Amino acid sequence: MPIENMNSRPEPLEAPRLGEPYLLTPGPLTTAYEVKEAMLRDWGSWDGDFRAMTAELRRELLDIAGDKQGEFDCVPMQGSGSFSVEALLGSFVPRDGKALVLMNGAYGKRIAQTLGYLGRNHVTIDKGDYMPPRGAEVAAALDADASITHVVVVHCETSSGILNPLKEISDAVYSRGRKLLVDSMSAFGAVPAGIADFRYEAIVSSANKCIEGVPGFGFIIARRSELEAAKGRSHSLCLDVHAQWDAMNKTGQWRFTPPTHVVAAFIEALRIHRAEGGVAGRGQRYARNRDVMVAGMREAGFETLLGDSWLSPIIVTFFSPAHAKFQFETFYELMKQKGFIIYPGKLTVVDSFRVGCIGRMDEHVMRRVVAAAQTSLAEMGVDDAAPPEIALAERNRLAA
Ligand SMILES: *Cc1c(COP(=O)(O)O)cnc(C)c1O
């Protein structure tokens with residue numbers, strides 16, 4: 001390679017061919033044209049070709065999880081990601097078990113809510129909007145209550161974008177002989193979440209996050225011994241992970257109509273994921289997206305909710321400017337006109353918005369996102385993007 005090219009940035013990725021805006025959102029997200037193109041033909045769900053696709057999908061996902069010993073298996077499940085989370089909880093938390101849910105945002109809350117629907121005994125550690133649950137407090141909670149059998153945690157809490165410290169949490173759980181279940185929906189495929197990265201019994205993600213497929217199914221990667229033990233435990237026919245697993249192993253088919261086109265798109269998404277260098281390659285592109293976007297936005301006067309050590313390469317929360325002329329709805333529309341769909345914030349204390357780093361886009365796009373944000377502010381007559389004092393006080397609470 002000629003010297004002058006050695007530090008060159010990667011070639012820009014192809015822009016959406018239909019001219020649709022980029023989705024700077026945590027899924028559904030912008031997908032490659034080839035992923036969409038893979039959906040142009042029909043498959044019979046019983047046909048050998050489709051069964052082979054299901055087998056390939058399961059094998060590839062286990063490969064991404066680094067299951068070399070065949071200790072784990074992968075069970076795809078129809079529906080959005082929350083269906084798979086509900087399937088996971090109903091199948092792996094025994095009816096006489098007790099879960100400790102670590103909450104620091106909307107997805108942790110949803111886990112506790114789901115356990116409530118399922119009638120599973122549970123307690124929570126609620127850290128509010130974005131403070132991370134730490135290993136030491138998990139250890140203390142487990143020491144104080146011997147009846148807790150399982151801990152459930154969100155890997156990247158997509159509502160703030162924080163990357164929770166999974167290794168220390170997992171160590172706390174297993175040093176006390178309990179079991180860990182992980183919602184890695186928005187991290188799996190781009191953030192290390194393999195069985196060698198931290199210990200767990202089961203981890204769940206979905207087609208339309210970091211693997212960059214289209215929405216329609218989720219998947220559960222679980223220890224085989226846990227899958228065996230889940231027999232007869234689920235509250236739900238459709239969301240019974242053991243039954244889905246057992247039927248898939250016996251027939252190669254999904255129990256009920258599979259999202260055939262979504263699976264075909266996912267196979268193509270997996271091929272692209274592999275070609276990009278797997279979890280490491282994908283993670284690098286997303287991290288670069290984040291770094292370029294955050295640096296540019298800070299230069300424009302915006303402030304992030306989280307300090308650098310907690311920022312995930314998945315999605316970033318920015319405080320809304322305090323300026324009287326700033327209105328999120330207008331900002332959203334102006335950004336959309338420029339080709340970028342952003343995401344409202346989910347903080348309860350102060351106004352915020354989110355910008356995703358995942359999907360089929362790169363740093364070249366992120367530079368245009370920053371330019372679009374600056375232009376949009378100018379169009380609104382906002383000459384200062386600084387957040388209100390109270391927002392910065394919030395952030396300092398996290399840093400302390
Ligand atoms: C996206 C996501 C889910 C699932 O959401 P659905 O809308 O049901 O697909 C669950 N947990 C986390 C952390 C997520 O990011």
Side-chain angles (χ1 to χ4, degrees), residues 23-31 76-90 92 99 101-115 117-118 124 126-127 129-133 151-166 169 180-193 198 200 202-221 236 238-239 241 259 262-263 265-266 269 282-283 286 290 306 310-317 341-347 354-359:
L23 301 179
L24 300 162
T25 57
L29 37 65
T30 296
T31 58
M77 182 66 76
Q78 295 95 327
S80 87
S82 300
F83 290 61
S84 283
V85 174
E86 184 163 333
L88 167 102
L89 297 170
F92 295 125
V101 184
L102 311 181
M103 307 198 299
N104 58 337
Y107 292 102
K109 283 204 181 101
R110 191 177 297 172
I111 287 169
Q113 191 186 12
T114 307
L115 287 165
Y117 266 75
L118 302 184
T124 63
D126 188 354
K127 303 294 306 241
D129 276 350
Y130 54 83
M131 301 284 278
V151 175
V152 195
V153 65
V154 177
H155 192 179
C156 171
E157 181 41 90
T158 324
S159 49
S160 65
I162 192 170
L163 200 53
N164 283 327
L166 263 285
I169 290 169
L180 184 66
L181 304 174
V182 183
D183 170 356
S184 185
M185 203 70 64
S186 61
F188 187 87
V191 177
F198 45 86
Y200 50 78
I203 195 163
V204 59
S205 183
S206 75
N208 61 282
K209 302 255 168 153
C210 298
I211 309 286
E212 299 185 0
V214 302
F217 70 90
F219 49 88
I220 295 123
I221 293 173
S236 161
C238 292
L239 298 179
V241 177
V262 177
V263 169
F266 195 72
R282 180 74 36 108
Y286 290 173
R290 173 200 58 201
L306 301 170
W310 296 107
L311 282 184
S312 70
I314 307 302
I315 191 165
V316 178
T317 296
I341 302 272
I342 58 170
Y343 214 52
K346 253 188 181 164
L347 303 182
R354 289 176 286 173
V355 183
C357 310
I358 64 179

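Whatever order the structure lists them in is the order used to number ligands and atoms, beginning at 1. Note that this is a predicted model, so its numbers are computed, not measured. All values below were derived from every heavy atom in this structure, side-chain atoms included, with hydrogens, water molecules and symmetry-related copies excluded.
Expressed to the nearest 0.5 Å, how far CE of Met185 lies from OG of Ser80 amounts to 7.5 Å.
Between Asn208 and Pro28, the shortest heavy-atom distance links the atoms ND2-N, 3.6 Å.
For Ser236 (side chain) and Cys238 (main-chain N/O), a donor-acceptor pair under 3.5 Å exists by modelled atom type. Panel note: side chain Thr25, backbone Leu29; no donor-acceptor pair is recorded below 3.5 Å.
Asn104 and Asn164 share a donor-acceptor pair across their side chains, judged by distance under 3.5 Å alone.
Seen from the ring of Tyr107, Lys346 counts as a face-on cation partner, given the 6.0 Å and 45° thresholds.
Ligand 1 lies out of reach of Val85, whose nearest heavy atom is not under 4.0 Å from it. At a 4.0 Å cut-off, at least one heavy atom of Cys156 sits close enough to ligand 1 to count as contact.
Of the protein's non-hydrogen atoms, the one nearest atom 9 (O) of ligand 1 is Gly81 N, 3.0 Å. Of the protein's heavy atoms, Ser80 OG, 3.5 Å lies nearest to atom 6 (P) of ligand 1.
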Requested in this report: Determine, step by step, whether Phe219 and Ser205 satisfy the side-chain contact (heavy atoms from CB on, under 4.5 Å) criterion, reporting the C-alpha distance in whole Å, the side-chain angles of both residues, the deciding distance to 0.1 Å, and the verdict.
Outcome: CA-CA 6 Å; Phe219 49 88; Ser205 183; 3.5 Å; yes

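Relative to atom 1 (C) of ligand 1, the option among Met185, Lys209, Arg110, His155 with the closest non-hydrogen atom is Lys209. Of the listed residues (Asn208, Thr158, Val204, Asp183), the one carrying the non-hydrogen atom nearest atom 11 (N) of ligand 1 is Asp183.
Close approach to Ser186 involves these atoms of ligand 1, each under 4.0 Å from a residue heavy atom: 15 (O). The distance from ligand 1 to the heavy atoms of Val154 drops below 4.0 Å at these ligand atoms: 13 (C). If you number the atoms of ligand 1 from 1 as listed, the ones under 4.0 Å from a heavy atom of Ser82 come out as 4 (C), 5 (O), 6 (P), 8 (O).
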